[in-house]
Amino acid sequence: MKNDLYIQNSLTRQKELFKPINEGFIGMYVCGPTVYSDVHIGNCRTFVSFDVIYRYLKYIGYQVRYVRNITDVGHLTDEGEDKMSKGAKLAKLEPMEVAQKYTVGFHDMMRIFNTLPPDIEPRATGHIIEQIEMVQQIIDNGLGYERNGSVYFDTIKFAKEQDVYGKLSGRKIDDLFTETRDLKNQSEKNHPSDFAIWMKASEDHILRWNSPWSVGFPGWHLECSAMSTKYLGKQFDIHGGGNDLKFPHHENEVAQNHGACGCHPANYWIHTNMLEMNGRKMAKSDGNTITPAQLFSGDSPHISKAYSPMIVKFFMLQAHYGSTLDITDKGLQDAEKGYHRLMEANALLQKMEASDSDITSELDTEINATIDKAFQQMSDDFNTPMALARLFELVPKINGISAGHLSMDDVNTDTLEKLKSTFHSFIYDIFGLLDDVVGGANGNGVTDGLMELIIDLRQNARVNKDWGTSDKIRDTLQELQIQLKDGKEGTTWSKN
RNA sequence: GGUCGCGUGGCCGAGUGGUUAGGCAGAGCUCUGCAAAAGCUUGUACGGCGGUUCGAAUCCGUCCGCGACCUCCA
């Protein structure tokens, strides 16, 4: 089952065989959210993607330390104003109040999507000392310079000394010389491509700390370098984030790590791609956006109905993390049906009893081959759509056995167990889906009991050919979003 | 303008130098009191034009279209 793992490495632009620095252990750092507003559905996709990666790494037996930060300082807007204090002024709240509010909201959303919490979730404001130390190291190594209390990273000197800057984001250093965008404090810098690692605070800047250079605050890119180094070491295995962070954030992070520690921080860089809606980038400015809450409530002009978090998650899993994914109402509707089909097949499967068979049939061979393929494809750069496709190939087999079309006698006892554990592992352990579909799955005794009673009454009516009563039960339940399914073995139910 | 990526059947979305992705939708059939669900069967494809090759949707070139990034961004 433990196939070799291959990862598409953004650093080399190649799919590479994964080899951890320390056998059996993985250090993974993922850039977390800036907590100055409600979490965006695009953020959710990124963190769902990395959750699946985290879960799979653990599933195949690694001990993983997953570090995902909370950015609560230093992330600048175009106006040069700190996002935290900007939000605070607008809402008349303390900056940390704003950070706290949206951090809690973020955690709630991550829980709703059933993602696992990271092993360490450090905050930028909790690591000011580490960041100041890193600035000092960069200065000591000759790659940082101070101007009027702010400290800048010397990208030109770094680029001349080592052929590193620009490698990750595929930027040529020459292009950096032609950068023309006009930004605040640009004149203080030796060169436009230099970036702040410590910023002197202006009078009205609320978030500020003492430092050897000025009362100020750390540059945005610094926190990730400082915290990844602190918790994972100077060199670790995987660094992840949305691909919009490649430049400048990740590129600058790499520069800082070189500047402070003289080495490249991560062996494998994983970048997730963007979520679009109706073929265009999501943007609040032109209304082409939807919030997680709107998806769950259906309260948006872009969708026709509500979609549960698990449907949205399943929809995301149908695309590879490295591809852009287009949210459309139709796409979500299709995902809903597919998700139900998978969960219902799983419910049937988990109830199946083996028939003590040890024969090797064609069906048996096919099931085993498909299972192996599913894991093999999941190990090929975490290809969730391919793994899902393999599970869907197995669904007709499960339904076929259940319907009596295929025979359980053709399935080896061991194979059935393997099939059960494969479905369970993928659905719950690896994809992190929850079952909000199949009746009885949530262990709600009262509901299950009532449903059993209703199904029993309807069955009596049907035996007596009292179609009026049986159809009334069926139609009324239908209105309550409960679907009855008459099969050979009796009637089951599920929620729509 | 620069850099990178993409263009697959009605829709979404994988993948590969020659062999079925998968989901949803469609068609036919089976089952069913009628349905639903389920099962079986089935059609439609790789942006245009060149090139490499025994063979390309898959490699190369070019054109067209789309998107992302270029110090707000997951």
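Labels below follow one simple rule: chain letters A, B, ... track the order of the sequence lines, proteins then strands, and each chain is numbered from 1.
Here rG39(B) is the nucleotide among rG39(B), rA35(B), rA37(B) with the atom lying nearest to any side-chain atom of Asn399(A).
Contact annotation for Ser323(A): backbone-only contact, meaning every heavy-atom pair under 4.0 Å involves sugar-phosphate atoms and none involves a base. Lys373(A) comes within 4.0 angstrom of a base, heavy atoms only. Using a 4.0 Å heavy-atom cutoff across all strands shown, Gly331(A) reaches no nucleic acid atom at all. Residue-level contact check: Leu325(A) touches the backbone only, with heavy atoms under 4.0 Å from sugar-phosphate atoms and none from bases.
Applying the side-chain contact (heavy atoms from CB on, under 4.5 Å) test to Asp364(A) and every residue at least two apart in sequence or in another chain returns Ser361(A), Asn368(A), Val411(A), Asn412(A), Thr415(A).
For the pair Arg458(A) CZ and rU32(B) C1', the interatomic distance rounds to 11 Å; values are reported in whole Å. One atom, CD of Glu344(A), and another, P of rG39(B), lie 11 Å apart when rounded to the nearest Å.
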Generate the contact string for nucleotides 21-26 of chain B. Rules: B means base contact, S means sugar-phosphate contact only, - means no protein heavy atom under 4.0 Å. BSBBS-
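Between the side chain of Asn464(A) and the backbone N or O of Asp466(A), no donor-acceptor pair lies under 3.5 Å.
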Watson-Crick and G-U pairing of RNA chain B written in dot-bracket, each distance under 3.5 angstrom, with | for inter-strand partners: (((((((..(((.....[...))).(((((.......)))))....(((((..]....))))))))))))....
Under-3.5 Å N/O pairs linking protein and nucleotides 67-69 of chain B:
residue, atom, partner, partner atom, Å
rG67(B), O2', Glu276(A), OE2, 3.3
rC69(B), OP1, Lys281(A), NZ, 2.7
rC69(B), O2', Arg171(A), NH2, 3.4

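Every pair passing salt bridge (charged side-chain N to carboxylate O under 4.0 Å, His left out) that includes a residue from residues 374-383 of chain A is listed here, sequence neighbours excluded: Lys15(A)-Asp380(A). The salt bridge (charged side-chain N to carboxylate O under 4.0 Å, His left out) contacts involving residues 398-409 of chain A comprise nothing, where partners must be two or more places apart or lie in separate chains.
At a cut-off of 3.5 angstrom, counting only N and O atoms as typed in the model, there is a donor on one side and an acceptor on the other between the side-chain of Arg474(A) and the base of rA35(B).
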